[in-house]
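All residue numbers in this chain count up from 1 along the given sequence. The analysis underlying the following values was restricted to heavy atoms, covering all of them including side chains, and did not include hydrogens, waters or symmetry mates. Both ligands and their constituent atoms are indexed starting at 1 by order of listing.
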Amino acid sequence: MPFQFFGTAGAVPSPTRDNTALVFYSQDEAVLVDCSGSPYQKILKAGLDPMRVSSLIVTHRHVDHVYGIPSLAHNMGLAGRRTTLHVYALAETMEILRGFLDLFPLEEKMPYRFELHEVPGKEGHEVHRAKGFRIFSTPVKHGAPNIGLRVEFDSPGERGVVVYSSDTSPCPSLVALARGADILIHEATFPHSDAARAASDGHTTGYQAGEVARQAGVKRLFLCHFSADLHGRVDELRQEAMRAFSGPVEIPEELREYRV
Ligand SMILES: [Zn+2]
Ligand SMILES: [Zn+2]
């Protein structure tokens, strides 16, 4: 099952990297994970049909993961969407989503429903099941309640597991979620020389992302959510991760299709 990064930056984007968000898709549907930038345009740039987007999973309430939601909801409506868009989030994140719907008169204008589904903060919860894939969540360790995601693909000719950490310090629940995955997408906001700051901000260093990959026994590691001052030298984070993890470590390109 293919996926793409709509962005790979941390909270502050740069000319080369936008805020971290992802899309996972099959023949039948696409699922967005977090919502920043100009999401409708990103869907088009990814070569996907916006009407094929069935759902959006919002990992946590921080601005860089949610600010595109009013724009996405508005654009989908103006583009003539009629089918329900399912939105999944923790209760603490849901408050922000309801706030958006109150702040803008979105629901009046939308010819479709924006259906909110609360995700319980428990390990291994099945968030979404579609033809060809299932998505599970687990709580991770960050400044706001947050979830990591495990996407399991099982369709003819395409089997595999991709895990996304979202924003987190290294944590055992994520190691458990990532166990044996084909690809672990782990945040690496800071270099290891900033380990103290990473810990206090609820983030991970490049080296620590490598340790998580090794502990979870994954096949490949992708890094993301890079602090803006590192965008010119992200390969240093990759080199750090490779000191802890012997498998391939990649710095993903935005809007490029990846497969397990
Ligand atoms: Zn973030
Ligand atoms: Zn965050």
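For D64, the N/O/S atom at the shortest distance from the Zn ion (ligand 1) is named OD2. H225 contributes atom NE2 as its closest N/O/S atom to the Zn ion (ligand 1). The N, O or S atom of H62 lying closest to the Zn ion (ligand 2) is ND1. For D167, the N/O/S atom at the shortest distance from the Zn ion (ligand 1) is named OD2.
Checking H142 against the Zn ion (ligand 2), an N/O/S atom falls under the 2.8 Å cut-off. Taking 2.8 Å as the threshold, H65 counts as a candidate ligand of the Zn ion (ligand 1), since one of its N, O or S atoms lies below it.
With respect to K42 and E254, no salt bridge is recorded, no charged nitrogen being found less than 4.0 Å from a carboxylate O.
The closest side-chain donor-acceptor pair between T189 and H225 falls under 3.5 angstrom. At a cut-off of 3.5 Å, with distance as the only test, no side-chain donor of S55 or H86 sits close to an acceptor on the other residue. Checking H128 against E29 by side-chain atom types alone, a donor-acceptor pair falls below 3.5 Å.
Counting heavy atoms from C-beta outward, F6 and V23 have side chains that approach closer than 4.5 Å.
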